Amino acid sequence: MAGSTLGNLFTITTWGESHGAAIGVVIDGCPAGLSLDEEDIQIYLDRRKPGQSRFTTARKESDKARILSGVFEGHTTGTPISIMVENTDQRSRDYGKIKDCYRPGHADYTFDAKYGFRDHRGGGRSSGRETIGRVAAGAIAAKILRQLGITITAYTRSIGDIVIPENEYHYDQITENALYMPNNDYAARASDYLAECIRKQDSSGGMIECVITGVPAGIGEPVFHKLDAALCSAVMSIGAVKGVEIGDGFQAAAALGSNNNDSFRLDAGKLTKVTNHSGGTLGGMSDGSPIILRAAVKPTPSISQPQDTVMRTDCQELTDTTIEITGRHDPVIVPRAVVVVEAMTAVTVLDLLMRNMSSRLDSLIKFYRS
């Protein structure tokens with residue numbers, strides 16, 4: 001299997017399966033001298049681990065990060081950083097009865113079509129558990145970005161048809177509710193909606209919004225390596241994400257040029273924009289204003305309702321059947337995916353920053369050793 005590596009100068013390679021012994025990531029391109037320990041990574045992993053509320057899978061995993069290489073006496077050495085998280089609560093038996101069935105909404109059929117062989121235990125590499133490696137890498141990228149004055153904030157904008165209006169965002173409330181919504185009242189409404197989904201043995205989708213501040217103007221390449229294109233590609237690589245937009249996104253299709261263009265003006269001698277319909281990018285490069293990204297997350301495909309599908313018999317023939325998926329599954333993916341979107345954004349922005357620096361090591365190391 002190719003395609004498990006992302007990035008050019010700051011690269012990450014995730015490895016492992018949902019029901020294997022462990023899962024993790026190898027990070028290459030992190031400069032030497034960055035203060036780093038396992039707690040830096042654990043803070044991020046704790047935001048995506050299972051079993052945190054009634055809206056996440058009951059699988060009990062501590063998701064404890066273990067740094068295997070690339071760090072000495074609390075600082076990065078400049079060599080590849082390998083991080084491992086052990087799987088301790090696999091229940092592969094939950095998949096025994098449906099191992100020959102193609103689960104609707106999952107990658108079972110496409111894995112079989114491509115490889116002629118697949119790991120049926122929780123989806124293998126296509127499982128959401130693969131995102132552990134992404135989040136661990138994102139924790140390191142985000143730490144570097146913070147030292148460069150760049151911050152990334154992600155949160156749940158909507159669940160189902162419950163959408164928080166932008167004028168009612170309260171960012172201090174994001175961590176006060178289990179759904180990571182910037183409004184506790186809307187989080188309560190979304191919780192009631194999800195409880196009804198559980199009662200009906202169904203699931204829900206939603207929208208994640210991510211805001212990046214502090215990126216200087218001119219980051220990104222104007223043709224095939226646009227900043228917005230790179231962000232969209234990275235976030236779309238998350239298994240449950242079915243759409244990504246920057247700024248006004250799809251709403252721009254119904255806009256007029258007169259109200260979609262962002263006018264420029266000088267503010268204390270500095271060029272700024274009056275509005276931010278473009279979402280912080282122009283011509284594939286950052287324009288210095290906040291970068292606004294949104295990711296549409298599909299409903300959890302594993303539901304307990306009967307579903308029509310196809311199975312492969314012992315004679316390798318295909319036949320119609322019906323399945324009911326049991327086991328431990330999230331009724332909504334969105335809350336645990338918030339930190340995954342944040343992590344993929346951090347990795348992508350850092351990699352593009354490095355491309356745009358004339359001497360990436362010298363430019364970054366001065367922040368660590370000053």
Side-chain angles (χ1 to χ4, degrees), residues 1-30 34 36-52 56-57 59 61-71 76 79-90 107 111 119 121-145 152 154 208 210 230-231 233-241 295 297 330 333 335-351 354:
M1 174 188 287
S4 290
T5 299
L6 176 72
N8 289 273
L9 296 178
F10 186 88
T11 65
I12 71 170
T13 302
T14 68
W15 54 267
E17 295 81 35
S18 174
H19 285 235
I23 205 157
V25 65
V26 176
I27 303 144
D28 203 2
C30 180
L34 174 69
L36 185 70
D37 59 28
E38 289 165 349
E39 184 56 30
D40 292 320
I41 298 161
Q42 198 62 50
I43 291 172
Y44 278 72
L45 290 180
D46 285 348
R47 291 168 57 193
R48 72 148 304 283
K49 73 179 182 180
Q52 299 187 72
T56 62
T57 172
R59 179 169 174 168
E61 296 279 5
S62 62
D63 285 354
K64 291 297 183 183
R66 181 182 173 194
I67 298 175
L68 303 180
S69 66
V71 176
T76 57
T79 58
I81 301 170
S82 185
I83 300 169
M84 180 183 75
V85 171
E86 292 186 68
N87 294 325
T88 60
D89 190 28
Q90 310 97 313
F111 260 78
D119 182 349
R121 306 166 303 166
R125 284 290 286 162
S126 64
S127 167
R129 194 153 175 78
E130 178 270 340
T131 61
I132 282 176
R134 301 169 184 245
V135 172
I140 296 174
K143 183 166 187 176
I144 296 173
L145 291 175
I152 301 173
I208 295 170
C210 185
L231 286 170
S233 177
V235 174
M236 275 292 289
S237 74
I238 301 169
V241 173
V297 181
D330 304 66
I333 297 169
R336 294 176 64 203
V338 166
V339 70
V340 184
V341 169
E342 187 174 317
M344 294 303 290
T345 300
V347 168
T348 304
V349 170
L350 178 58
D351 187 51
M354 285 182 164

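All values derive from a computational prediction rather than experimental measurement.
Between Leu34 and Ile140 there is a side-chain heavy-atom pair separated by less than 4.5 Å. Between Asn87 and Ser18, the closest side-chain pair of non-hydrogen atoms is not below 4.5 Å. Here the side chains of Ile81 and Leu36 are in contact, with some heavy-atom distance below 4.5 Å. For the pair Gln42 and Leu45, the minimum side-chain heavy-atom distance is below 4.5 Å. Between Arg134 and Val25 there is no side-chain heavy-atom pair separated by less than 4.5 Å. You'll find the side chain of Ser69 stays beyond 4.5 Å of the side chain of Thr79, heavy atoms only.
Expressed to the nearest 0.5 Å, how far CZ of Arg48 lies from CD1 of Ile333 amounts to 11.5 Å. Ile41 CD1 to Ile27 CD1: the interatomic distance, rounded to the nearest 0.5 Å, is 6.5 Å.
Closest approach of Leu145 to Ala346, counting heavy atoms only: CD1-O, 3.6 Å. Annotation for Pro80 and Val26: closest pair CB-CG1, 4.1 Å, computed over non-hydrogen atoms.
A donor atom on one side chain and an acceptor atom on the other are found under 3.5 Å apart for Arg125 and Ser4.
Using a cutoff of 4.0 Å between basic side-chain nitrogens and carboxylate oxygens, Asp63 and Arg129 are scored as salt-bridged.
Proximity of a side-chain donor or acceptor of Asp37 to a complementary backbone N or O of Asp40 within less than 3.5 Å is detected. Judged by distance alone, the side chain of Thr11 and the main-chain N or O of Gly7 form no donor-acceptor pair under 3.5 Å. Here the side chain of Glu38 pairs a donor or acceptor atom with the backbone of Ile67 at under 3.5 angstrom. With hydrogens and angles ignored, the 3.5 Å screen pairs no side-chain donor or acceptor of Thr348 with any backbone N or O of Leu231.
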